[in-house]
Structures are given as structure tokens and as C-alpha cells.
Amino acid sequence: MARPFDVSAVEKKWQARWRDEGTYEVDNDDERERFYALCMYPYPSGAAHQGHIRNYTFGDLVVRYQTMHGKAVLSPFGFDSFGLPAENAAIKAGSHPRLFTEARMAELKSSVQRLGAVFDWRREVYSHDPAYMKWAQTIFLKFLEAGLAYRALAPVNWCPGCATVLANEQVNPDGTCDRSGDLVERRELEQWFFKITDYAEQLLNDVDDLEWPERVKTMQRNWIGRSEGVEFDLPLVEDPARGLRVFTTRPDTGFGVTYAVVAPEHPMLEELTTVDHRDEVRELVERARSASELERTASSDAGAGLEKRGAFTGSYVTNPFSAQPVPVYVADYVLGTYGTGAIMAVPAEDERDFAFARVHELPVVRTVEPPADHGEGPYAGEGPHINSGFMDGMDVASAKEAATAFLVAHARGERKVNYRLRDWLVSRQRFWGCPIPVVYCDVDGIVAVPLDQLPIVAPDDVVMDQSGQSPLATHEGFRDTSCPTCGRPARREADTMDTFTDSSWYFLRYADPFTPGMAFDPVQAAKWMPVDQYIGGIEHAILHLLYARFYLKALIDIGLAPGLPREPFKRLFTQGMIRLDGSKMSKSKGNLIAPEKYYDTVGADGLRLFHLFVGPPEDDVDWTAQTEDMIEGCARFVDRVYRLAHHDECFFHDEFTPEDEEVRREVHRTIAKVTSAMEGWSFNTAVAALMELLNTLSRWARRPEGAHLATLEESMDLMLRLLAPMAPHVTAELWEERHPGEPSVHATSWPVADPALVAHASVVMVVQVNGKIRARLEVSPDLSEGDAAAAALAAPEVVTTLAGATPQRVVARPPRLVNVIV
RNA sequence: GCCCGGGUGGCGGAAUGGCAGACGCGGAGGACUCAAAAUCCUUUGCUCGAGAGGGCGUGCGGGUUCGAGUCCCGCCCCGGGCACCA
């Protein structure tokens, strides 16, 4: 494609200038109104892919747009530079993850710089920087001190193909490894946890006030999963003073409890199991322990599998409502980690209990009358209670209240709120992450590394084999140390922290990486926080956002971040994904479309415009054969702007005609349109409005009778300012040509539409007869209803169509439309 | 199964209950050129018609309304999230 100017040279020139002059550096004591714009901390996978490009196009648009509104905009950049992919790649290539990662960082940085995205590079942060690790480890130790970090035995996800433990988010819903596709196994290991469950209530409640997409808020709420119910005892028949503690959200169905179930991990299981049932119970527990998630879920679909998944313990407990004994089963459909690990089973009102009861031939007693057409199955809906003694006739809500009161009085019951959310497992048995800064001593146990010895940085000569053991554990120089308390030989923790810990506070470091001796100065950070606009992918809707929210709350509570708002991200925008051939585009699948080829041909401005123009920013983008053409179309638009600014094929006249006046009005209407589109994140229509304006201006200036020169120049200037956040290079270049020696277009203010010019002098009113358009009339915008009706009925086309018939009704909606009904 | 989104030309997509298809891509025709590229102009929902003009059109079926892509009810299909959480 032949271009009217050297796109590459122009883009390089301006990128260099923004970087060298520190145009987008902002100081913490800046007097202007503040705005914190942030794109999600990227994992350095190499040159940017189109998902990154999309992200930074939106982010940079916000930065430049807000800057034009006179604000001090904080726009930082950095890298989520620890992580498994680099470690795997390094093992494969026989190199070091740091070398590998830093090469990828350089590529990604180059990609975003060539996009023309601007940042305050003085604030750059990357996870494997010892200066960052020092504070990451300090935070860990402060959590430990505050009881927010603890160590416990837990099952983890082990991938045999990758020979390593995986993070939960790396396991597919079907229990396979996201990377290798192998079936993930469960292994029991001593692990470090963060007590995020302490914050469940706050994390749930604070979601309400966030300006986030509703669906992300819903996902957060579902993930936390609050449920209100009752915890109470089912007394043991053998020893009624003791009981099997259960949790239920449906105490009202208590009369329908025909059996109880404990999880295979339940502490009372052994005691409950009678001699003659020992073998079956043991077999079931063994199966449950070794079974992968996949096997457990797969068998739940088929009724045939259910029988094998439960066994009678031989014991009985008493249903406190009916005072009848009911059998206790063990089954893996009850989870050891939720509630009390034991349930009261109500087959008539619960799907799972029903399926289990059917296989094991347990009685089903309805306690809620289902609708007449309901049939055999379980019914969990609303209805009057039956077979329920004192609750008979009550609706579900009042029966719940009555049942709860009963349990509190008679079964050691108490109201209880449970959460689905589990504590955050932060240990990783891998090398390329931030080491957990503790030491194990035979005498003193777990000992924190003294703060003045941080950061603990892993040595370079570690063997990263595939044994599955933490690589650091095999390095004697790292492993063997002395106890900071007693001085005796001790060993270092060999696990590293989940990389989600790094991305949970980086935005605080950005706000103030300058103050020595602190992760960030809370006084400085408070000037920027919360992030005004956070932009990233929907794939982080749950984990990253939840973890970062937890971190900030915890940091405030342990005194590291006094005075900061308790929520980190005020507004969140989640962009759509780039899809190739209908599948999700990801680095692991290798189907990336590098931006570099576009920089060299259409230019960054063209590529940015494409991403803005292709559709609503929240929608997914299908990268197809047509995409190349669309990108070229956007570059064509850039060229047309350039040519018009250079008066290519234009003609001019001197006096200001009504046509010139109308063009001027059109410009102001465009200002109004683009401004509201920008505010509403409708970037595609903002670009369309500018394309329309360009079409209008070009046609006008190329008429033989010509255009009013001063009006064209005024229009061009306004258009360049509107276009500046979208296509920063060409607008900066043209502005400099037109205004040599003056401040850049990016230093001008965002245009404001003149309301007097936005208004139309006359508009076209549509006249319908029975809903069909018969005439168009040019009318004044403030035409009255009566006048509109009269004008419509007088229109010749209407008279002809009516052919003498009398209108039944005339609906006048001036100045848009009149509908004549006959 | 449950909970969210979403179905509009050949394609990406526009449309405070009031002219469906803005803008762009692609297609067709033309100008310029020895020719091509680039650029510019015209045209482009489907369909009947030589034409003027008519009919049909926003996943399907109903409804509300003078008027529905938009609101209501019932379906179908696609995408995403959750999926033994008691």
C-alpha cells in the first residue's frame, strides 16, 4: 500500500520524543487532578499478541484522553515476570528462566512502545527484580506475623506430564492440565496458605459499590459463595449426648431427613464404622483418596456409579425432628472441606440426595408439597409444608425460621454462614517464583527470615529437573542455613510463592516506587489510589481481582497501608478476547498474530484504529481473512486525513457561505458525538463519527466551487484533537506542521462542542400513512404538534395516498415523524 | 442442570419505542493510466418488475402499541461462567 508519508519514520520520531522528553511522566506531588489508568500486569510471553495490543490501545486512549482533560495521569508499566512457562522453556532450551524472561520482556516492551503507548518508565516494576522481591517477602512475613499466612497439609494438583504442581487456575474444569492435557492427580503436601477466608464477608459486601461489569461482580459473588443456614447435631443413637454435626440451608425440610452422610475424610468416620461394615467403608475411602477430580465428577453423571460411591457405616443417628433413627452413610459426594463435612440428607428436596437414596433404596419423604404437575423427582421449590409436624402448612421462609428456632432449642443448633471460598494456597514447588522467606529449625520450628536479610534470592546454578521436588530443595548452598533464632543448622523453605501474589500489590508499588525503605509510602500511594480505570481480560475476572482486593484489605489491616481505600480498582473494563478460527487465542496454543508486521506496513496508528473500530471493546474479535482488509481500511483513513490536511485536490474561496456554515455545524456535532462515545466506551462509533466527518470535509473541500479556507483549517484542527488519543502519531505530526513552535496536539485540551452550532436549523420530518412513509418534509426543529399534523396532511403525496379518505387519527411527533391513520 | 451474555446485509458492526442496515470491509461499474497499482466517483439487504413502482425483511411463534431490532410471554440456536458447596 503506497502511503502519502513515511509512516514508520513519523511514528519512530514521536515515540522517541515522548520517551526522551518524559512527556507522560507524572510526579507524586503534581497539582493537577489525578487519574490512575492501568492495564493489567502482563506476563512477558514475548512480542505482544493482539490481546495485548487491544489492551494497550484502550489504555493509551484513556491516558491521552484524560491528559487532554487537564489531569495528571498515572500510566505505569511492568512485568508479571515470574512463572511456569519461562521455567519450562528454560529447561527445554537448557538456559536460565531469567535470561529467557528478560529477552521476552524486551520484546514485549518494544511492542508496546512501537504501538505508541506512553508510560512513566521511571516507575517500571517487574516481579523478579530483587528490589520488588524484598517487599513481596516482607509482606509475606507480615502476613505470617498477623496470622494471615499459615502452613497446613493439603491436597494439591500434580501434573505428571509437566512433572510439577499446578496452580488451580492451570487445571481445566475437566481435571486435565491446561498446558499438557494430562490428567491432573491429587497429592497431599505441606503447603502455605493465606487466610483469605477471614475476608470473605468483606470481599462479598464490597463488591456492591464497585463500578465493574455486572457479570464480573456476579462471578466474584459466586466464587465467594455465601450461604446462610443452621449447624446442629444429629445425636448418635448409641450415645445421645454426642452428635454428628451437620450444616444445612434447608432446616425446614428436617422431617424429611431419612439418612445422614459424612465425607470420606470425616474425623468421626472410624468411630461411626461398625465392624461388619469396615471393609466397604475402607474401600470407599481408598477410592475417594486416589480418585482424580475427573473420575469423581464423571461417575456422578451416571446412576450406576453412585452405588460404588457410598457405603453404610453401620451407625445410626436420630433425626431431631421426627425422633426416628436414620442410617449414617459415607459418600464422596459430601466434601470434607465444606461446612462440617457431614450432611443431613433430604432426598425429596435435594437432587443429589435423591439420586443417592434411589440407588441405596432409602426412603423418600416429602416435606414440601410440589405443584400438581411435578412428578416423581425431588422438588426444591416453594410450597406448603407437609409431613412436618409443627411446620405443616407454612411456606418455606416461615418454616425455616420455625425449624431454626427448634434446632437452637433442641439440637445444640446455631445459625451459621458458610462460604464456598477456600484459603489461598500460595506454595509452588517450582523454581521461577519468589522464594518463601522462612527457615525450618528442629528446635524453633518455622522461623521467619529477619527482615534485614531480605530479599532471599534463588541462586542461579539450580538444577531444574522433572522430579517434582522443589528445585531449590536440591541446592545445598541454598537449602542449608542456620536458624536465625538459635544458630543451629536449619534448612530454608524451598517452595516459591504463587505468581498471583506478585500481581496482588504491583499497582501500589507503581504509585510510589521512589521512597527508600518501603514497599511504597502509604501517603504517596494514597494520592493515586484507587485505580480510576483498570483494563484487562475477562480471564482474570475471579482470581487476580479477588486476590488483589484481599491483599489491599489485609495490607491496610496489618498497618502497611494506612489511609488507603479498601478497594483497589474503582472502575474495571474487561475487553473481549481475540479469537482465531473460533478458538481462544493464547500463548500456549501459539496462534498469535504479532503486531510487528503491521507496524512496518500500516503503522501503529492504523492498527490502533482497527482495534477501536472493529466493534464494541467488550466484544470478542474474530481474527479472519477479512481482518487484514479492515486494518488496511483504517490505514486508508489515516492517509485521507493526512491528504486533506495537506489540501490535496482541494479548492478554496474567500467568503463564508451557508454551505461553509453547515460544515462548521457538522464539526461541532461530531465533537458532541465523539465525546459522548468516548465517555461511554463506544470507541467504534467514535471512530465512525470521525470517518463521517472526514467524508464530509473531503467532499466539501474538493467541490469545484471550493471551501472557505479558514473554516477548513479550524475543522482540521478540531478533528486532529479528537483523533489524537486514537492515532497519536499522525495527529502529532500534522499538528506540528500546522502549528510549528506551539505545544503538541496532545498538550491541547479536549474540544468542547458549541451547543448553538450543534442544533440543527431545519430537520427532515417523515410523514407516514398507516405506517408507510409517503413524504419527507423539511421543517423547523421546534415545530408544534398542530403545525406538524397540518403540514403532513397538506403534503401532496399524502393527499394522493388518502384519496379523499378521512383520517381516523393523526399521531404527530414533531420534528421527527407524523403518522396518519385511516 | 443453573446463572449471565448474544442472534440485524456476503462480512465486522450502527440504530433515546419513530426513515433498519450509520461507518468500514468485500463486490459491481466508471474516471485517471499504454497498462497496472494507488487514488477518486457511482452503486450495492433480498425479491418481483424493462421502468415507474410493488412485496418481503433484525433467530422462531404470539402479544402490547398509531408504530417494535428495541417492551412483554413462550420457544430455538450460539458463546461464556458455575457445576456435587448441602
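Throughout, a chain's letter reflects where its sequence line sits, starting with A, and its residues are numbered from 1.
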Kindly point out which of B:C25, B:G18, B:A86 is positioned nearest to the side chain of A:Q768?
B:G18
Can you see whether A:N418 engages A:S227 through a side-chain donor-acceptor pair at a distance of less than 3.5 angstrom?
no
So what does A:N770 hit on the nucleic acid, given a heavy-atom distance under 4.0 Å: a base, only sugar-phosphate, or nothing?
nothing
pair_partner(B:C82), Watson-Crick or wobble, both distances < 3.5 Å, evaluates to B:G1
Given A:F610, which partner from the list A:F637, A:Y598, A:W623 fulfils the ring-ring contact (aromatic ring centres under 6.0 Å, His included) test?
A:W623
Ignoring the backbone of A:R215, work out which of B:U39, B:C19, B:G80 is nearest its side chain.
B:G80
Residues in ring pair (Phe, Tyr, Trp, His ring centres under 6.0 Å) contact with A:Y199, at least two apart in sequence or another chain:
A:F550
For B:G9, does the O4'-C1'-N9-C4 or O4'-C1'-N1-C2 angle fall within 90° of 0, making it syn, or is it anti?
syn
Return yes if the base of B:C40 and the side-chain atoms of A:R702 contain a donor-acceptor N/O pair under 3.5 Å, otherwise no.
no
Looking only at the side chains, is there a donor atom on one of A:T404 and A:R415 sitting less than 3.5 Å from an acceptor on the other?
no
Should the pair A:K400-A:D252 be classified as a salt bridge under the 4.0 Å nitrogen-to-oxygen rule?
no
Taking only nitrogen or oxygen atoms into account, show me every contact under 3.5 Å that the protein makes with nucleotides 6-12 of chain B, one pair per line with its distance.
residue : atom : partner : partner atom : Å
B:C11   : O2'  : A:Q626  : OE1          : 2.6
B:C11   : O2   : A:Q626  : NE2          : 2.7
B:G12   : O2'  : A:V614  : O            : 2.6

Gap between atoms CD and P, on A:Q808 and B:C66 respectively (whole Å):
13 Å
Atom CG of A:D619 and atom P of B:G24: how far apart are they, to the nearest Å?
20 Å
Give none if B:U42 has no partner; otherwise give the nucleotide forming a Watson-Crick or G-U wobble pair with it, both distances under 3.5 Å.
B:A28
On RNA chain B, check which nucleotide each of A:T218 and A:C634 is closest to and give me the residue with the more 5' one.
A:T218
Name the residue closer to the 5' end of RNA chain B, choosing between A:N695 and A:V766 according to the nucleotide with the nearest heavy atom.
A:V766
A:D648 and A:R640 ion-paired at < 4.0 Å:
no
For RNA chain B, the residues among residues 337-348 of chain A that have a non-hydrogen atom under 4.0 Å from it
A:Y338, A:I343
Under 4.0 angstrom between A:R813 side-chain N/O and B:G67 OP1 or OP2
no
Under-4.0 Å salt bridge between A:R250 and A:E349:
no
Counting side-chain heavy atoms from C-beta on, which of B:A20, B:C23, B:C66 comes nearest to A:E692?
B:C23
Against the side chain of A:I773, the closest entry in B:A38, B:A20, B:A86 is B:A20
Would you call A:D233 and A:R245 a salt bridge, taking side-chain N to carboxylate O under 4.0 Å as the test?
yes
Among B:A20, B:G18, B:G24, the one nearest A:V811 by side-chain distance
B:G18
Hunt down the Watson-Crick or G-U wobble partner of B:A50, both distances under 3.5 Å, from any strand shown, or write none.
none
Atom pair distance, as rounded to whole Å: CZ in A:R699 and P in B:C40:
12 Å
Who does B:C66 pair with, Watson-Crick or G-U, both distances under 3.5 Å?
B:G18
Nearest-neighbour nucleotide for the A:R579 side chain, B:C66, B:C84, B:G80 considered
B:G80
Please state how far atom CG in A:L777 lies from atom C1' in B:C19, giving the value in whole angstrom units.
13 Å
Measure the distance from CZ on A:R3 to P on B:A38 and round it to the nearest whole Å.
13 Å
For this output row, return yes or no: ring centroids of A:W424 and A:F193 closer than 6.0 angstrom.
no
Roughly how many Å is it from CD1 in A:I631 to P in B:G13, rounded to a whole number?
15 Å
For B:C34, which nucleotide in any strand shown is its Watson-Crick or wobble partner with both distances under 3.5 Å?
none
Got a sec? Which of residues 815-822 of chain A come in under 4.0 Å of RNA chain B, heavy atoms?
A:R816, A:L817, A:N819, A:I821
Tell me which residues in residues 681-689 of chain A lie within less than 4.0 Å of RNA chain B, going by non-hydrogen atoms.
A:N684, A:T685, A:A688
Using 4.0 Å as the upper bound for N to carboxylate O, is an ion pair formed by A:K416 and A:E414?
no
Quick one: which protein N/O atoms are closer than 3.5 Å to N/O atoms of nucleotides 54-57 of chain B? Pair and distance per line, please.
none

